[in-house]
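Model, not experiment: these values are computed from the prediction.
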Amino acid sequence: MSLQLQCDVNALNAAYAAALDEKRFDDWLEFFTVDAMYKVQARENFDRGLPLALIALESKAMMKDRVYGVTNTIFHGPYYMRHIIGPVRLMGNDEDLIRSEASYAVFRTKPGSVSEVYNVGRYIDTLVRTQAGLKISSRLCVYDSEMVLNSLIYPI
Amino acid sequence: MSAPETLSRWQQPGSSRVPFWVYTDAQLYQRELDLIFYGKHWSYVGLEVEIPNTGDFKLAFIGQRQVIMVRDRVAPKDRATDGGIRVVENRCAHRGVRFCQQPHGNARSFVCPYHQWTYKLNGDLAGLPFKDGVKDGDSVNGGMPEGFDLKDHGLTKLRVAVLHGLVFATFSEETEPLEEYLGADVMPWLDRIFKAPSTGLRSDRNLVLLGYNRQRIPGNWKLMMENIKDPYHPGLLHTWFVTFGLWRADQKSRMVMDAQGRHAVMISRKNEGGANAAVTDGVTSFKANMSLGDDRLLDVVPEPWWSIDDPSHPGQSITPTVTMITLFPSLIIQQQVNSLSTRHIVPRGEGEFDFIWTHFGFADDTPEMTRRRLRQANLFGPAGFVSADDGEVIEFSQDGFKQWGDDGSTLCELDGTGTEMTEHMVTETLIRSMYSYWKKVMTP
């Protein structure tokens, strides 16, 4: 069972990465439950118990507002992302709630430029089983990178 | 070319055309460090609330020099006059080592790992190994020469001034007192955010640290000061500001500066947004039909301290929803509705700076207000709905300056070429006033 679950969560993360790397942001929304939480937070804040996050979205509707910002309102130089997500580590689960973590590295490539290490950290997740399969009810991206390379527009 | 020669090449009168080399000349940047950051200016170091206990310290930068802000022990008899905040340079007096590597923490003393030179929290040298040599039978090997005095070999101690919990420091003995440096026109706007109503026992409001965001921006440091002295762009670059009426040209606004033109406050009051032909027609960033799926992102609740007696019209009340304060050379203080932060510029060469956001609230905030401040933080910072694009345009500005070369200049003539305060935001007066001051400082 645990092996199967591990497989399922790894597959979810791979699909999640592909959606972002292919800029399918509407698909990205569908990995979450309606009342899901999505945060991107600097490790220094996380470790010190400081509540500020770089991005803190408290519902799928808020995530949709972010997607509108990414695609329509936030002026930015375009770039590709490439997510490399490590194998998932199950942190304990019961029938309904699965806790897991995985390391990630995101590379950024701007037009005409070399690829750079953009954001490195770990996902701290809770997932739930639904009729439509596994969904993320909370994803906290805690990043080690002490400096954001200018700006961070797309979700991680 | 040498920097002084470079500066004399600014031949145009006034400050409404800023030559590209002001942003791209490496030698000029070195002079800026000496004359501005290490010269007669007060630089922001941090918030007192970041180091609440004796021995608490944090690292910070003034220009490219790393300093330690630390809370020293203070004898009970001195506590009424000495808050104990010290700022010392993170550079050992012995061999120049940047000895402190923890970004924050608590210390009883500072010890350089290389040769164990030990400093008190105030930067005094407390002792060093083998100062009097090492005994070898009847003789003594080595040791410091006669006349070596610990007192002469402490860390560089900066002058420190604390205003309402904001800590500033300067390397110069000649910098005027902080409140004089900031000026009477700017002070009321700092008081508005940081000073407690006069009924309280303490005169400063107690702050709560909410956290940090850090970004590295590939542009000249002055571009960030300009960005927050530029009331022209927010209603054009930032969709959220023009669409939701947080900042745009049909609002009641005021541009304030100090007598020298180096500091500024942009003051405005939000409106309901929506279409108004004068400021939205043809503006592509305006999205007439945009609405939020989750309006908690903009759950603005007015706070009592927003209203003050209008410094320009005593006896009348004024209630801004936004004040953006630029304190030369390196601090921006933001109040945009319920979101509060300091933004600290750390230059890293002529073409790059770090930008450090410290978000805060007040000790008497309700949990709902704290959540609101944190939610509205989504608008700001390196990923913010409005601020992310500021970093982007600064990068592209620097790219533009570099590709042309020395004879190019920026055009900065909205509302003329003067440097007066205005009662509207359709102006670039604050940028002109900063460069007018900058020219004076850079040609001593």
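- In this structure, no portion of A/Gln41 lies under 4.5 Å from any heavy atom of chain B.
- Chain B forms the most heavy-atom pairs under 4.5 Å with one residue out of A/Lys60, A/Glu58, A/His76, and that residue is A/Glu58.
- Side-chain atoms of B/Val322 and B/Met324, non-hydrogen and from C-beta on, do get closer than 4.5 Å to each other.
- Of the two parts of A/Tyr143, only the side chain, counted from C-beta on, holds a non-hydrogen atom closer than 4.5 Å to a non-hydrogen atom of chain B.
- If you measure heavy-atom distances from A/Arg66 to chain B, the contacts under 4.5 Å come from both the backbone and the side chain.
- Listed options B/Leu237, B/Leu297, B/Thr284, B/Ile356 were ranked by heavy-atom pairs under 4.5 angstrom with chain A; first place goes to B/Leu297.
- Ranked by non-hydrogen atom pairs under 4.5 Å with chain A, the options B/Lys287, B/Arg214, B/Arg296 are led by B/Arg214.
- Between the side chains of B/Asp389 and B/His238, at least one donor N or O sits under 3.5 Å from an acceptor N or O.
- B/Gln251 is not listed as a side-chain neighbour of B/Val279, based on a closest heavy-atom distance of 4.5 Å or more.
- You'll find the side chain of B/Phe355 reaches within 4.5 Å of the side chain of B/Ile332, heavy atoms only.
- Of the listed residues (B/Phe396, B/Phe380, B/Trp357, B/Trp240), the one with the most heavy-atom contacts under 4.5 Å to chain A is B/Phe396.
- Between the side chain of B/Thr24 and the main chain of B/Lys402, no donor-acceptor pair closer than 3.5 Å is present.
- Comparing B/Val386, B/Ile394, B/Thr239 by how many heavy-atom pairs each has under 4.5 Å with chain A, the most go to B/Thr239.
- Listed options A/Val40, A/Leu152, A/Ile153 were ranked by heavy-atom pairs under 4.5 angstrom with chain B; first place goes to A/Leu152.
- A donor-acceptor distance shorter than 3.5 angstrom exists from the side chain of B/Asp230 to the backbone of B/Tyr232, with no hydrogens or angles considered.
- Neither the backbone nor the side chain of A/Tyr154 comes within contact range of chain B; no heavy atom of the residue lies under 4.5 Å from a heavy atom of that chain.
- Only the backbone of A/Leu149 comes within contact range of chain B, with heavy atoms under 4.5 Å apart.
- Heavy atoms of A/Asn45 lying under 4.5 Å from chain B belong exclusively to its side chain.
- For the pair A/Gly86 and A/Ala102, the tightest heavy-atom approach, listed with the atom from each and the gap, is O-CB, 3.7 Å.
- Between B/Val208 and B/Val49 the shortest side-chain heavy-atom distance does not fall below 4.5 Å.
- Interface summary for chain A: among B/Ser387, B/Pro382, B/Pro103, B/Gly384, the most heavy-atom pairs under 4.5 angstrom belong to B/Pro382.
- Rounding to the nearest 0.5 Å places CG of B/Asp365 at 4.5 Å from OG1 of B/Thr370.
- Ranked by non-hydrogen atom pairs under 4.5 Å with chain B, the options A/Gly69, A/Ala42, A/Gly77 are led by A/Gly77.
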